[in-house]
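Atom set for the values below is all heavy atoms of this structure, side chains included, hydrogens, waters and symmetry mates excluded. Atoms within a ligand are numbered from 1 in the order they appear, just like the ligands themselves.
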Amino acid sequence: MKKHNFYAGPSILSQYTIEKTAEAIHDFAGMGLSILEVSHRSKQFQAVMDEAQALVKELLEIPEGYEVVFLGGGASLQFCMVPFNLLATKAAYLDTGTWANKAIKEAKLFGEVDVVASSKADNYTYIPKNYQVPDDVDYFHITTNNTIYGTEMRYDPDVKVRLVADMSSDIFSRPIDVSKYDLIYAGAQKNLAPAGVTLVIVRTDALGKVERTIPTMLNYRTHIEKGSMFNTPPVLPIFSALQTLRYYKEMGGVKAMEKLDLEKAAILYDAIDNSRMFVGTTAVEDRSIMNVCFVMKPEYKELEAEFISFADARGIVGIKGHRSVGGFRASLYNALPKESVEVLVQAMKDFEAQH
Ligand SMILES: *Cc1c(COP(=O)(O)O)cnc(C)c1O
């Protein structure tokens, strides 16, 4: 039985992506070779790379002056690569969760870091507002979706300085005003592809402003100049990413994905809000439409483990909450069918009726 996959990452991919990838593992582009065994310098793979970069630009309506690169190292490498390349003296960061915190820690290795606001004291249950970003920073770093805590900034903040964003877990779930950003990065394994590749969108004029020597592999310019082929790129994840991008385009682009995502999230949040047993963990106005975090009310708390097994028997997997929040987390990434959300909601209702 195909499961209802609510894992936070690696996570569900579109059936289209999985089928096309499986086909290419047997025969890639009619070459009589598997995608697993072809040269990244073959013209067939070059075509994959070119189309993937072009589709990212098209889907996110990326203006002139930006480059799209596919790198290794995960989003976590970007935590240091961003300040290495962009932080000359001082940067501002918004502390909205574990990933934001890790980014802050790395930035401190390269210069002054102004953490303009944090919701840490409240276990990151909301996105801080009314903070001041100093005018003299090189950039303001945000984490648009806090995968662990289930909060999200579904907007591109209005500040006087350039933005940098970790969009690992909500890229392609809404249109973005890319012109506000110097750099956007996203590990692939939530809304794009199998783990192993990181998507980076960078404004070329933002580069070259730091004095320090940047090691070749950690310099964005290296990868821009070589079209993400300075060394062997993650061939298979990039191939899969292309399939997902084609699927998004076929579905009607990021606006269409957003509409679907909003519908799916509304179904689950409505069920939580109308439940006697379950309750959400985050501020309503900051709720993520990608990762929905909820727990059982104190009087039912001891039933949490039982609900996980109850759901599992219906093919629902991956809903156990992260240890720093507890309870449940249902990840509703782009590829998750609405039907899976309906199955989860039905399980919640049936479980509640039995207790
Ligand atoms: C998953 C995730 C990361 C970590 O990504 P890696 O590719 O494992 O380094 C960073 N930021 C956010 C928001 C994430 O969801």
Side-chain angles (χ1 to χ4, degrees), residues 5-13 69-84 93-107 115 118-120 123-128 139-157 163-174 176 181 183-201 217-218 223 228 233-234 236-238 240-241 244 261 265 282 286-293 318 320-325 329-336:
N5 183 355
F6 291 92
Y7 278 107
S11 46
I12 188 163
L13 289 171
V69 285
F70 290 102
L71 306 178
S76 299
L77 183 60
Q78 297 307 306
F79 296 161
C80 85
M81 221 167 137
V82 163
F84 220 141
Y93 277 70
L94 188 62
D95 179 19
T96 53
T98 306
W99 297 118
N101 227 282
K102 291 187 177 184
I104 290 165
K105 181 171 171 246
E106 297 303 296
V115 179
S118 170
S119 47
K120 189 174 185 168
N123 203 32
Y124 297 119
T125 47
Y126 68 97
I127 303 283
Y139 60 84
F140 174 43
H141 180 283
I142 58 172
T143 310
T144 51
N145 185 63
N146 299 284
T147 322
I148 293 175
Y149 299 91
T151 60
E152 188 176 17
M153 299 169 78
R154 298 196 57 73
Y155 50 88
D156 310 301
L163 294 170
V164 170
D166 176 358
M167 296 197 182
S168 293
S169 53
D170 68 348
I171 194 154
F172 303 115
S173 72
R174 67 173 172 97
I176 307 163
Y181 296 84
L183 194 143
I184 293 168
Y185 60 95
Q189 67 274 22
K190 279 87 180 210
N191 253 345
L192 189 59
V197 70
T198 309
L199 168 64
V200 176
I201 300 161
M217 271 297 282
L218 298 181
H223 301 285
S228 300
L236 183 76
I238 293 169
S240 294
T244 303
D261 291 334
T282 57
D286 299 324
R287 284 171 162 180
S288 167
I289 64 167
M290 294 281 107
N291 310 97
V292 177
C293 293
K320 192 173 176 0
H322 190 275
R323 63 189 175 280
S324 42
V325 179
R329 169 177 54 177
S331 297
L332 317 181
Y333 297 123
N334 285 358
L336 185 84

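Residue S168 approaches ligand 1 through these ligand atoms, each under 4.0 Å from one of its heavy atoms: 10 (C), 11 (N), 12 (C), 13 (C), 14 (C), 15 (O). Within the listing of ligand 1, atoms 7 (O), 9 (O) sit less than 4.0 angstrom from a heavy atom of G74.
The aromatic rings of Y93 and H141 sit parallel to each other, their planes meeting at less than 30°, with 60° as the upper class boundary.
Listed here is the closest heavy atom pair of Y7 and P10: CB-O, 3.6 Å. Nearest heavy atom pair, residue E106 against residue C80, reads OE1-CB, 3.7 Å. Between I171 and I201, the shortest heavy-atom distance links the atoms CD1-CD1, 4.5 Å.
Residue-to-ligand polar distances place A75 within reach of ligand 1: an N/O pair is separated by less than 3.5 Å. Below 3.5 Å of separation, one finds no N or O of N145 facing any N or O of ligand 1. Between T147 and ligand 1, at least one N/O pair is under 3.5 Å apart.
Regarding atom 9 (O) of ligand 1, its nearest protein heavy-atom neighbour is S76 OG, 2.6 Å. Given atom 11 (N) of ligand 1, the protein heavy atom at minimum distance is D166 OD2, 2.6 Å. With hydrogens left out, the protein atom closest to atom 8 (O) of ligand 1 is Q189 NE2, 3.3 Å, a heavy atom. Atom 1 (C) of ligand 1 has its closest protein heavy atom at K190 NZ, 1.4 Å.
Checked for salt-bridge contact, R174 and D156 meet the test: a charged N lies under 4.0 Å from a carboxylate O.
A cation-pi arrangement is absent between K105 and W99 under the rule of less than 6.0 angstrom and at most 45 degrees off the ring axis.
In this structure, a donor-acceptor pair under 3.5 Å is present between the side chains of T98 and Y149.
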